[in-house]
Amino acid sequence: MLVFVLKRLLWMVLTVWAVFTVSFLLMRAVPGGPFDSEREVPPEIKANLEKRYHLDEPLYQQYFRQLAGAARFDFGPSYKLADYTVGEVIAEGLPISASLGLLAMSFAVVLGVTAGTVSALRRQSVLDVTLMSIATIGIALPNFIIASICVILFVFVIPIFPAAGWGSISNLILPAFCLGAPFAAYIARLTRTGMLDVMGQDYIRTARAKGLSGRTVVVKHALRGALLPVASYLGPATADIMTGSLVVEQIFAIPGLGSHFVKAALLRDFPLAMGLVVLYTVLLYSMNLLVDISYTYFDPRVRLE
Amino acid sequence: MRNSLLQVDDLHVEFDTDDGVVRAVDGVSFAVAPGETLGIVGESGSGKSVTNLAVLGLIPRPPGRIAGGRVMFEGHDLLRVGEDALRRVRGNRIGMIFQDPMTSLNPFLTVAEQLTEVTRLHMGHTRAQALDHAVEMLERVGIPAAAERIGSYPHEFSGGMRQRVMIAMALSCRPDVLIADEPTTALDVTIQAQILELMKELQRDEGTAIIMITHDLGVIANVCDRVSVMYAGRFVEEAPVDELFAQPRHPYTIGLLRSVPRLDEAAGARLNPIQGQPPDLTSPGVGCPFAPRCDFALPVCREQDPPIETSGANHRFECFVDVRDVSTSNSTNPAS
Amino acid sequence: MHPTWQQSPQDAERLAELLAESQRIQGLSLGRDAWRRLKRTRTAMASLGFLVLVGVLAVLTPLLPIASPREVHTERRFAPPELSPFWAERIPLVDDEGRVDEAAVTAAFGELNLLDRALVRLRVALFGEHCVASVCGTDELGRDVLARIFWGGRVSLLVGVVAALVSLVIGVSYGAVSGYLGGLVDDAMMRLVDVLYAIPFIFVVIYLITVLSALEASLNKSFDRITLFFFVVGAIYWLTMARVVRGQIISLKNEQFAEAARTIGAGRARIIFRHLVPNLLSVVIVYLTLTIPRVMLFEAFLSFLGLGVEPPDVSWGLLANQGLRVITPVRIYWWLVVFPAIALGATLFALNFLGDGLRDALDPRLKHR
C-alpha cells in the first residue's frame, strides 16, 4: 500500500515535471517577450520589466529558476495582475473553487446515486424512463446552457437566488447545482447500469433466498458492488468538474481559479496560466490516487500492488 | 403421497422474451417427505432450476411469471402467501444452495457477516450468539480453524470451501427442506464426493428433506431416494432411484442413461449422445416434446399429448410406448 | 453396436431440415442482427432520422433560401422572431446583368469552396434573391439568427465529425499496436496513456491555444482555429478508444483466425489492420457516436469561453455565448439563447440516444436493461 502510494507520487512528480517543461517551452516559443506586443514602452521601463520577470537571463537559467520556483509552488508574479504573485492568486481562488467543486460533487453523487438506484429497482416503469430521459438531457446539454436556463428561471423569472457574485451560501447553491448536474446525470446512469448488473448476480439470489427484505438486499448486498463504477468515475469526474468550473464561474461571476484561468488565457498571462495548469495536474493526480485507495475499501478483492 | 412436507401441484412458469413466451415449466408436480431426498435430473434448460426458484418466489419478475399451480408447505400455498410470509420461509424453513460457489457468495461481505445475518433475521440471535452459531456451523461443515477464518472474505476460500460455507449458511436455521441446485457441478470430482458425503451426513443428523437438482446421474445414484426426470419443462418420468436405473420406462430416460460414459467400456467405444436438440419452448407443438428425438416415436406421439402411465405404486411416466415391448438392437441393458 | 447410416427417405428429409436450419442461423450476421435490434429501438431510430436530416441540411445550407449570417443590419437590432411577411426579404447576390455576383456571395457567406459556390448558384436559380423572414429573430448586430444557426451548425458538425475521426484513427492504431505487440511495448504504451489520462488536458489545450494565438499575433499570421481544433481534440479524445481497442485486440489475437493468418505468413501490420481491426467495428462505431457529441460539447465550451471558433465564423457554442452575454435583468432576448440551445441540445441528444441504442444493439448482453 505504502509502496503503491509512493510509486504513484513519483509518477505524479514526473508528470508534473513534463507538463511544466512543455508549458515552459511553449511559452518561450512565442517570439519576443510578453511585453513586446503591448503599446510602445520606453526601453528602460521594458528593461526594468524584463529584469523583474528575469527575462534578461539565458533560457536555461530561466528554466531552472522557474523549475525551482515551481517545486515550491512559486510561479513568480503574474504578468497582468500587477500586484499579485501567482501564489497569491491561487491562495485567494482555491478555497472558493474548491468549495464550489466539492459541493457540486456532493450534489452529483447524492442525486445521481439516488436516481440511479430508484431507476434500476423500478426498471421500465414511468419513473425509470422519466429519470433516465432527464439524465440523458443532463449529459447531452452543455452546462452553460443548463446554467443559463437556471439563471433565466431562478434569478430573473422566479428570483429566489442572487444572480452572481460571491460571499454567502445562497451564492453557492445555484452554481454548484449547475456544475454538478451533468455529473449527477452520468452517475445516475452508471449507478443504474451497475445496479442492474449486480441485481442479476448469483449472490443477490442467495441473499434473497435467505429471506432478507428487499431493502436489506439492495442496501447491504447490492449497493456496494453497484457503486464500484461510480467510484472509478470520480477521478475523471474531478477533471470534468474542474473544466466545468471554468464556465460556471464565468457565468456566475465567481472569483475562483476558473475565472482567473480563463482571463489568464485570454490575456496571455503565462505564469498564471502555467501555475494553474500545474496546480490542476496535482489536484487531479491526488484525486485519482484517493479514488484508487478508496477502491480497496469498496472491494476487498482489490490489492494495491 | 404419504405425509409430504412440500408439495408442488401443476406448476407453470413462463418467461417473456423477445421471441415470445417461453414455457419454462409446464405443469410439474412433485412432493418430498421429511428426511427424503428427491432428485430432479435433466439437461440444461429443461426447467429444473426454474421450478425450484419458483417454489421460493425467486423467479425474476419481469420477465418471469408464475402462470399456475400450487406449492403447499405446512398448509399454505407459497405462491399466494405474499412476500412477507414467503421471506419468513426462505432461508429459515427452506434453505437453498446454488451451483456456483464462486459467484453465489457476496464478494464484498465477510463470511461472518453473510452467515450471521440469516440467523439474526430468522432466529433472533444477537450478534454474539449469531457469531458463535456461525462458527459452530462452519466447524460442522468441515472448515478447519473456523473461528479464525470466519472474518475472511469469500475470495480467500477455495471453491470447495465456499460450497461448504454455502451449505452452512443454508442449514444455519435448521430448515425442513434443503433445495440444492447443482451443488457439485462447479467443483472438482474429489471435492464433489466430499460435498455429497457432507450433505448426506447432515441429512442423517437433522432429518432434512433434500431436493437435489442435477444433470449428473452419478450424483442421483449416490444420494437420492426418488428421481424425477425433467424434459422441456415437464416431468417425463418419476420413480424410486433403483427402479429408474434398473427399468427406465421413458425413452428420454433411456437416452440419458445410455449417454453416460462407463469405465467398463472398451477403450475407443463411442459415446451414445441423444441426437438432436431440445425443443424450442416458445412454440411448443402438440404431442410429446421428445418425439422428434425419440427412437421409439410413433405417429401418435406427434399428434397427442402422451398419457400418464404408472408401473407399480411409485413409478409413473408419460409415454405412449411401452419400451419393454420394443426390442431394438441397441437398447439392451441401459442401466449402469 | 452403432447404427450405420442408410440413406432412407426419412434421413434425407432430416438432413435437409438440418441444412435449412443451419443456413437460417448463418444468415443472421452480427451486423444484421444488430440492425434488426436497433430498428426496434424507437428512440434510436428517431435519432438516426433526425441526424440524417441535420446532416443533409448542413450540407445543403448554401442552397436554402435563408438570409446571410454575416450581414449587419443596425436598424434591426434585437428584432424578435417574426413570421410575416414571410417572403419579403432579399439579399443582394446578383449583379446588374442578372449573374451571380461572386463578391456579394463572399460578403454574405464568407469564403466558400467550389461545391458551396455551385449550391449558391443553384439557390439563386431556384429562389432568386429571396429569403425567409427572421423566424428566429436577429441578434445585437441585426444578423439573422436562423441563418447563423444553419451556418453555425455546419461548423459544429464538421468539427465534431472530423475531430472524432482523427481521435478514432489515433486511438485505434495505438490501441491495436499496443495490444497486439504485448509485453514491454504494451506496458510502456499503456503507461503513457495512464500518464496522459492524469493530465487535465483541457487546461493544457487552453494554454496551447493561448500560446498559439500569441504566436499568431507576433507573426502576423493567422492559423485556422478550426483546423487547429481537429488536431487538439484528436490528441485528447483518443485515450479511451486506445484502451478499449487494446483490450479487444488482446482477446482477439489468440483467436484461431489470427493464428491462421500468422501461419500463412501474414505480416504484423497486415494481421493487425486487415484481420483484427475489422472485428472491432462494433466497438468503434459505438465510440464514434459517443465521441462526436463530446467533441461538439468541447467545441461549444471553448467557443463559449471565447477560445474556440472566431468571428466572423459561427458555431452553435459561439451563438449560445453571444445570447448569454446579452442577458440582463431588464431584458432577456430569449430567442438568442433558446434557438441555438435547441439546435445544439437536440443534436447532442440524438447522438447520445443513437450511441446508446447502438451499444445495446451490438451488445445483446445489455439488452434487457
Side-chain angles (χ1 to χ4, degrees), chain A residues 11-12 14-15 18-19 22-23 26-27 29-32 34 36-37 120 123 136-137 139-145 147-149 151-152 155-157 163 192-193 196-197 235-236 239-240 242-244 246-247 250-251 261-262 264-266 268-270 273-274 276-277 280-281 283-285 288, chain C residues 43 191 194-204 206-219 240 293-294 296-298 300-301 304-307 316-317 320-321 323-324 327-330 332 334 337-338 340-342 344-353 356 366 368-369:
Chain A
W11 273 106
M12 176 169 101
L14 278 176
T15 310
V19 168
V22 171
S23 315
L26 280 173
M27 173 166 121
V30 181
D36 287 0
S37 52
R123 181 179 43 167
T136 311
I137 296 175
I139 291 169
L141 279 186
N143 57 359
F144 57 83
I145 288 184
S148 46
I149 293 170
V151 169
I152 292 178
V155 177
F156 296 141
V157 179
R192 179 174 183 273
T193 313
L196 287 177
D197 198 24
D240 289 350
M242 288 173 179
T243 313
L246 298 186
V247 162
Q250 185 101 325
I251 291 175
F261 186 75
V262 174
L266 289 172
R268 294 172 206 157
D269 187 345
F270 294 124
M274 187 159 95
L276 289 172
V277 169
Y280 279 119
T281 310
L283 285 178
L284 184 57
Y285 237 102
N288 278 324
Chain C
T43 46
R191 184 48 64 92
D194 289 346
V195 169
L196 291 180
Y197 250 115
I199 294 175
F201 249 107
I202 287 174
F203 295 86
V204 178
I206 291 174
Y207 185 86
L208 197 71
I209 290 173
T210 311
V211 171
L212 285 172
S213 51
L215 259 178
E216 204 171 63
S218 66
L219 296 178
T240 311
R294 287 180 63 205
M296 289 178 66
L297 264 184
F298 185 45
F301 166 83
F304 179 83
L305 293 178
L307 294 161
W316 286 339
N321 182 16
L324 286 181
I327 291 186
T328 59
V330 188
I332 301 167
W334 57 268
V337 179
V338 169
I342 288 177
L344 180 56
T347 307
L348 294 174
F349 206 53
L351 279 164
N352 274 299
F353 263 131
D356 289 347
L366 299 169
H368 287 295
R369 295 187 177 169

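Throughout, a chain's letter reflects where its sequence line sits, starting with A, and its residues are numbered from 1.
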Can you give me the closest heavy-atom contact between C/Ala320 and A/Phe144, atom names plus distance?
CB-CE1, 3.5 Å
Can you see which heavy atom on A/Leu284 is nearest to which on A/Gly235, and at what distance?
CD1-O, 3.7 Å
Chain C contact via [X] - which portion, at a heavy-atom distance below 4.5 Å:
X	answer
A/Leu283	neither
A/Val19	side chain
A/Ile145	side chain
A/Met274	both

Atom group of C/Phe304 that falls short of 4.5 Å from chain A, counting heavy atoms:
side chain
Under a 4.5 Å heavy-atom cut-off, does chain A meet the side chain of C/Leu305, its backbone, both or neither?
both
Partner chain C: residue of A/Pro142, A/Ala147, A/Ala18, A/Ala273 with the largest heavy-atom pair count (under 4.5 Å):
A/Pro142
Who wins among A/Asn143, A/Thr243, A/Ile139, A/Leu14 for the most heavy-atom pairs under 4.5 Å with chain C?
A/Thr243
Rounded to the nearest 0.5 Å, what separates atom [atom1] in [X] from atom [atom2] in [Y]?
X	Y	atom1	atom2	value
C/Phe349	C/Thr43	CZ	OG1	9.0 Å
C/Asn352	C/Arg294	CG	CZ	10.5 Å
A/Tyr285	A/Thr15	OH	OG1	3.0 Å
C/Leu351	C/Met296	CG	CE	6.5 Å

Go through C/Asn321, C/Leu344, C/Leu297, C/Leu196 and name the one with the most non-hydrogen pairs under 4.5 angstrom from chain A.
C/Leu297
Determine the option with the most heavy-atom pairs under 4.5 angstrom with chain A, choosing from C/Gly345, C/Ala346, C/Ala300.
C/Ala300
Would you call the rings of C/Phe298 and C/Phe301 parallel, tilted or perpendicular, taking 30° and 60° as the class edges?
parallel
